[in-house]
> 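This is the structure I have questions about; it appears just below.
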Amino acid sequence: MTLPSTGTAPRAASASPLELVAEEMVLVEKRILELSTSREETLTEIASELISSGGKRVRPALALLVFRAAGGGDPTDVIDIGAALELIHSATLLHDDILDSGMTRRGKPSPLARHGVGRTLVTGDFLFSRAFGVAGRFDAMIVGWATDACTQLCEGEILQQRYQHNPEVTVDAYLQVAEAKTASLFSQAARIGAHLAGSPKGLVDAMYRLGYEIGIGFQMVDDLLDVIGPEDLIGKPVGSDIREGSPALPTVLGLPHLPALRAAFLAKEPDRAMIDRAIEELRDSDVLAEVRSIATGRIRVAREQIQLLPPSEFRDGLDQLSAMLLERTA
Ligand code: FPP
Ligand code: MG
């Protein structure tokens with residue numbers, strides 16, 4: 001399937017940077033649907049419940065915008081790899097809910113809540129296999145980068161478990177977890193987009209850094225939203241990170257001087273009242289402003305990388321996307 005390059009046609013200023021790659025995103029969606037369909041209806045059903053539940057598709061969008069901004073032509077390959085990255089992301093969410101006992105995902109009962117551990121686990125394996133069926137057809141460099149992302153995702157999960165309910169967690173440890181569990185896929189998505197556009201190594205590396213910084217900033221905003229809510233916007237109970245004893249940034253920064261937060265973080269199964277007290281304490285403190293300021297710094301570095309691209313509407317779109325990820329409320 002070949003699309004004409006959309007790089008040169010004049011276009012009205014868009015409300016969302018995603019509109020710049022809207023045609024390609026439709027094809028990403030179609031590819032995701034094809035790849036998540038199995039002859040076993042149960043797999044198709046569970047995969048579809050998650051995939052059609054309103055994910056932001058940030059990873060394929062990032063790959064596509066970088067590809068276009070770097071002057072890429074035929075988008076067929078970047079559409080394929082974008083779909084594969086989204087499937088890897090979906091597989092991790094299925095497995096993550098099992099590990100976290102996450103019963104709500106994107107505002108609905110999670111696949112785990114609806115179908116139990118066994119089927120959720122195997123659906124994750126299915127999506128992961130389908131993703132690698134696509135990613136494995138690319139050159140060795142791309143296969144290696146996709147593999148690195150998956151390896152890091154697994155390592156990030158184990159590292160995170162080491163710091164769960166663990167008061168020795170530091171900001172450095174937090175950053176290592178955020179790099180592995182979130183920045184890994186973002187950085188590879190942006191790097192692959194540049195590589196497929198035929199960019200020189202310097203630009204491919206800069207786009208890796210762009211994805212890396214966006215990924216870290218994205219995770220920090222996620223952590224912030226977990227405290228701010230509200231539940232109907234974030235699609236899960238407020239304070240889930242505290243309930244899980246997860247080393248989220250507000251927790252890491254607040255632990256040394258917020259006693260209710262510390263008590264809830266250390267408790268293996270904090271009750272709702274403990275979690276609410278910890279949230280109130282966090283909201284009354286300077287911690288949330290500090291988290292936002294650190295995330296803003298990360299997005300600033302991301303935007304510096306964007307300036308290394310030649311001027312275009314896609315470069316502007318990337319800049320806008322970075323700003324939107326910082327300001328997002330869901
Ligand atoms: C969400 O974190 C979890 C991840 C981003 C990664 C989880 C990774 C694994 C389970 C390893 C499996 C890897 C593969 C390749 C299948 P969170 O719990 O902080 O976010 P949430 O609030 O969305 O649950
Ligand atoms: Mg989780």
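Predicted model, so just to flag it, every value in this text is computed and none were measured. Read the numbers this way: they start at 1 and go in the same order the structure lists the ligands and their atoms.
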> Could you name the option among Arg105, Lys236, Arg106, Gln152 that has the heavy atom nearest to atom 23 (O) of ligand 1?
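Closest candidate by heavy-atom distance is Arg105.
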
> Do Arg68 and Glu24 sit within salt-bridge range, that is, some charged N less than 4.0 Å from a carboxylate O?
yes

> What protein heavy atom sits nearest atom 14 (C) of ligand 1, and how far off is it?
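I find the closest protein heavy atom is Thr92 CG2, 3.7 Å.
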
> In terms of atom number and element, which parts of ligand 1 are under 4.0 angstrom from non-hydrogen atoms of Leu153?
6 (C), 8 (C), 11 (C)

> Indicate yes or no for a side-chain donor-acceptor contact from Asp226 to the backbone of Ser240 under 3.5 Å, with no hydrogens or angles considered.
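Yes, the answer is positive, given that a donor and an acceptor are paired below the 3.5 Å cut-off.
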
> Of the protein's non-hydrogen atoms, which lies at the shortest distance from atom 7 (C) of ligand 1, and what is that distance?
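Here the nearest protein heavy atom works out to Glu157 OE1, 3.6 Å.
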
> Are any of the heavy atoms in Thr182 under 4.0 Å away from ligand 1?
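Outside the 4.0 Å threshold, so no.
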
> Of the side chain and backbone of Lys181, name the one, both, or neither that has a heavy atom under 4.0 Å from an atom of ligand 1.
both

> Any atoms of ligand 1 less than 4.0 Å from a non-hydrogen atom of Leu99? List them with their elements.
10 (C)

> Does Ser246 reach ligand 1, in the sense of a heavy atom lying below 4.0 Å from it?
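Ser246 does not count as a contact of ligand 1 under the 4.0 Å cut-off.
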
> Restricting to N, O or S atoms of Asp100, which is nearest to the Mg ion (ligand 2)?
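Looking at Asp100, the N, O or S atom with the least distance to the Mg ion (ligand 2) is OD2.
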
> Considering only the protein, which heavy-atom contact is closest to atom 20 (O) of ligand 1, and what is its distance?
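Answer for atom 20 (O) of ligand 1: Asp96 OD2, 4.1 Å.
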
> With respect to Asp241, determine whether any N or O atom, backbone or side chain, lies less than 3.5 Å from an N or O atom of ligand 1.
no

> Between Glu34 and Arg31 (salt bridge meaning N to carboxylate O under 4.0 Å), is one present in this structure?
yes

> Do Thr182 and Gln219 have side-chain N/O donor and acceptor atoms under 3.5 Å apart?
yes

> Counting distance only, does the side-chain N/O of Glu281 pair as donor-acceptor with the main-chain N or O of Leu261 below 3.5 Å?
yes

> Among all protein non-hydrogen atoms, which one is nearest to atom 16 (C) of ligand 1, and what is the separation to 0.1 Å?
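The answer is His95 ND1, 3.8 Å.
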
> Does one side chain, of Asp172 or Thr170, offer a donor that lies under 3.5 Å from an acceptor on the other?
no

> Looking at Glu304 and Arg209, does any basic side-chain N land under 4.0 Å from a carboxylate oxygen?
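Salt bridge between Glu304 and Arg209, a charged N being under 4.0 Å from a carboxylate O: no.
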
> Do the side chains of Pro247 and Asn166 get nearer than 4.5 Å, heavy atoms only?
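SC-SC contact between Asn166 and Pro247 ruled out.
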
> Closer than 4.0 Å to some heavy atom of Phe128 - which atoms of ligand 1 meet that?
15 (C)

> Does any N, O or S atom of Asp96, backbone or side chain, fall under 2.8 Å from the Mg ion (ligand 2)?
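For Asp96, the answer is yes, given that an N, O or S atom comes within less than 2.8 Å of the Mg ion (ligand 2).
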
> Would you indicate whether the side-chain heavy atoms of Leu121 and His95 approach each other to under 4.5 Å?
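Yes. Closest side-chain heavy atoms under 4.5 Å.
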
> Any side-chain heavy atom of Leu64 within less than 4.5 Å of one from Phe314?
no

> Should Asp100 be counted as touching ligand 1, given the test is an N or O pair under 3.5 Å?
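Yes, Asp100 has an N/O under 3.5 Å of an N/O on ligand 1.
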
